[in-house]
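Note: hydrogens, waters and symmetry copies are ignored here, and every other heavy atom, side chains too, is used. Letters A, B, ... are given to chains in the order of the sequence lines, protein chains preceding strands, and every chain is numbered from 1.
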Amino acid sequence: MPELPDVEVYRQYIDATALKQKVKRVQVNAPKVLQDISAQSLGRRLAGERFKRTSRRGKHLFVELTDGSHLLLHFGMTGNVHYYAGDGEQRPKFAAVVFTFENDCVFSYINKRKLGTVSIIDDPEEFAAENRLGPDALSLSEQEFLERLEKGRGGIKAFLMNQRLMAGIGNEYSDEILFQARLHPAVGLRSLDPAARKRLFGALKSVLHTAIECRVDPEKFPRSFITPRRREGAPCPRGNGTLVKQTVAGRSSYVCPQCQQA
DNA sequence: AGTACCACCTGACGGC
DNA sequence: TGCCGTCAGGTGGTAC
């Protein structure tokens with residue numbers, strides 16, 4: 001799940017729960033997710049620190065600590081977070097890293113497939129530069145977006161998912177954006193006319209904003225979205241036919257052949 | 001520069 | 001019910 005809207009909702013969730021709490025101890029159940037840090041030193045770095053404030057860039061979530069360093073969370077394909085009272089509720093399944101606070105509440109970084117990342121970094125900006133992460137997709141102006149479009153050469157779906165051009169869009173939301181913009185994912189950037197370019201930018205913003213407003217709950221998504229019915233043979237929300245699945249940019253993609261011409 | 005493919009991990013699901 | 005193959009919303013490396 002975790003693309004930009006999901007990670008934004010996780011961020012808001014942390015703000016509403018674990019923020020300002022002081023860490024008592026850290027338990028690492030899946031050392032695999034730790035990057036450039038041992039379980040022991042993660043615990044040492046965090047003990048006594050508070051979760052001061054959160055930020056996000058694309059699919060990366062940062063929690064600033066009292067000492068100015070940042071806890072970095074990336075969720076891969078199966079990451080999630082959960083906060084609960086330590087005594088009553090039982091530890092969620094697949095809890096990879098568990099943070100216990102002074103108030104005995106628990107913040108859990110969950111990751112079933114362990115493809116995510118937990119680390120401590122000095123500075124998110126520096127991290128983004130080192131990893132060549134593009135600007136957050138929601139902070140991108142139309143002009144910046146169009147400039148990037150003009151420089152690109154490949155297919156439109158690969159463009160949207162390229163984290164170096166803009167950060168945050170993954171497989172699922174790229175399909176939704178392209179459906180809303182009525183563009184086929186395999187269309188080459190250079191064949192897009194100005195109206196299509198503008199439409200794409202509008203769809204990008206509205207899809208991401210809408211998903212966040214709905215707290216990424218597919219049941220709350222507008223009827224016009226394909227995400228809640230993301231499977232082959234599902235009806236096109238515009239009543240134009242049925243969705244088909246095809247591989248584009250190496251990923252499973254769902255398109256309405258009537259609305260989205262190749 | 002862009003794409004295609006593999007690897008990383010492990011669970012969920014459908015078919016037999 | 002049980003086993004097996006297939007697929008999964010991310011990312012990074014490698015090889016064209």
Side-chain angles (χ1 to χ4, degrees), chain A residues 1-10 28-36 56-61 72-81 92-97 109-119 121 127-128 130-134 136-137 147-180 185-192 204 207-208 210-212 214-219 221 225-234 243-255:
Chain A
M1 296 173 205
E3 301 180 33
L4 184 153
D6 308 86
V7 179
E8 175 60 17
V9 170
Y10 297 168
V28 177
N29 299 319
K32 193 95 206 154
V33 302
L34 298 184
Q35 190 167 63
D36 303 324
R56 183 189 57 71
R57 178 161 181 156
K59 304 171 193 173
H60 291 270
L61 178 51
L72 161 70
L73 302 176
H74 185 271
F75 299 94
M77 293 171 86
T78 55
N80 201 349
V81 291
K93 229 177 161 186
F94 312 118
V97 183
Y109 167 88
I110 301 160
N111 205 319
K112 200 156 50 175
R113 281 175 71 185
K114 304 187 178 101
L115 293 178
T117 303
V118 173
S119 192
I121 59 165
F127 173 85
E130 280 168 6
N131 291 277
R132 291 195 264 171
L133 264 187
D136 187 79
E147 282 167 10
R148 283 167 167 72
L149 253 185
E150 274 156 32
K151 279 190 227 153
R153 317 245 132 175
I156 191 165
K157 174 152 176 157
F159 168 79
L160 289 176
M161 293 200 301
N162 186 339
Q163 304 300 302
R164 290 181 175 178
L165 297 176
M166 66 191 117
I169 299 169
N171 193 33
E172 187 170 290
Y173 283 100
S174 66
D175 278 0
E176 187 65 64
I177 290 164
L178 290 164
F179 175 76
Q180 296 303 330
V187 163
L189 298 184
R190 299 213 281 181
S191 68
L192 294 176
L204 182 158
V207 165
L208 298 179
T210 301
I212 293 166
C214 297
R215 301 197 64 78
V216 296
D217 178 353
E219 295 195 356
F221 282 3
F225 273 39
I226 58 166
T227 303
R229 295 165 283 279
R230 203 168 187 278
R231 57 178 193 284
E232 198 148 28
L243 304 185
V244 301
K245 175 176 149 179
Q246 52 188 127
T247 300
V248 181
R251 311 296 302 276
S252 297
S253 308
Y254 292 83
V255 303

If you look at every strand shown and take non-hydrogen atoms under 4.0 Å, does A:K157 touch a base, only sugar-phosphate, or nothing? nothing
Figure out the CD1/P separation between A:I110 and C:dG10, and round it to whole Å. 19 Å
Please report, rounded to the nearest Å, how far the P atom of B:dT10 is from the CG atom of A:L115. 9 Å
P spacing across the pair C:dG12 / B:dG11, given as an integer number of angstrom: 24 Å
Is there a side chain to side chain contact (heavy atoms under 4.5 Å, CB included) between A:L133 and A:H60? Walk through the geometry before answering. CA-CA 10 Å; A:L133 264 187; A:H60 291 270; 3.4 Å; yes
Ion pair A:E232/A:K245, N-O distance below 4.0 Å: no
Could you tell me whether the phosphate oxygens of C:dT11, OP1 or OP2, come under 4.0 Å of any side-chain nitrogen or oxygen in A:H74? yes
A:F75 has an atom CZ; how far is it from atom P of C:dG9, in whole Å? 18 Å
What is the separation between atom CD on A:E232 and atom C1' on C:dA8, rounded to the nearest whole Å? 16 Å
What does A:G152 touch in the nucleic acid at a heavy-atom separation under 4.0 angstrom: a base, only the sugar-phosphate, or nothing? sugar-phosphate
Does A:A249 reach a base, just sugar-phosphate, or nothing at all? Heavy atoms under 4.0 Å. nothing
Closest of B:dC8, C:dT11, C:dA8 to the A:M77 side chain is C:dA8
Once pairs are restricted to Watson-Crick or G-U wobble with both distances under 3.5 Å, how does DNA chain B read as a dot-bracket string, [ ] for crossings and | for other-strand pairs? .|||||||.|||||||
Would you say A:D6 and A:F75 make side-chain contact, with heavy atoms under 4.5 Å? no
Under 3.5 Å, which N/O atoms of the protein pair with N/O atoms of nucleotides 11-16 of chain B?
none

Mind checking the CG-CD spacing from A:L208 to A:E176? Nearest 0.5 Å is all I need. 10.0 Å
Indicate yes or no for a side-chain donor-acceptor contact from A:E3 to the backbone of A:G170 under 3.5 Å, with no hydrogens or angles considered. yes
Whole-Å distance between C:dG10 P and A:N162 CG? 13 Å
Base, sugar-phosphate, or nothing: which does A:G79 touch, judged by heavy atoms less than 4.0 Å apart? nothing
Regarding the side chain of A:K245, the nearest nucleotide among C:dG10, C:dA8, B:dA1 is C:dA8
How is A:S252 classified with respect to the nucleic acid when contacts are heavy atoms under 4.0 Å: base, sugar-phosphate, or nothing? sugar-phosphate
Regarding A:D36 and A:S119, do their side chains bring together a donor and an acceptor under 3.5 Å, going by distance alone? no
Does A:L61 form a side chain to side chain contact (heavy atoms under 4.5 Å, CB included) with A:L72? I'd like the steps, not just the answer. CA-CA 6 Å; A:L61 178 51; A:L72 161 70; over 6 Å; no
Regarding A:G250, tell me which of base, sugar-phosphate or nothing describes its non-hydrogen contacts under 4.0 Å with the strands shown. nothing
d(CZ, A:R231; C1', C:dC7) in whole Å: 17 Å
Report yes or no: do A:N80 and A:K112 form a side-chain donor-acceptor pair below 3.5 Å? no
Looking at the side chain of A:E172, which of B:dT3, C:dG9, B:dA1 is the nearest nucleotide? C:dG9
Sidechain-backbone polar pair: A:N29 side chain, A:F94 backbone, donor-acceptor under 3.5 Å: no
Rounded off to whole Å, could you give me the CZ-to-C1' distance for the A:F221 and C:dG9 pair? 12 Å
Donor-acceptor pair, A:T210 side chain versus A:V207 backbone, under 3.5 Å? no
With a 4.0 Å cut-off on heavy atoms, is A:R251 in touch with a base, just the backbone sugar-phosphate, or nothing at all? base
Rounded distance (Å) that lies between atom P of C:dG12 and atom CG of A:D36: 13 Å
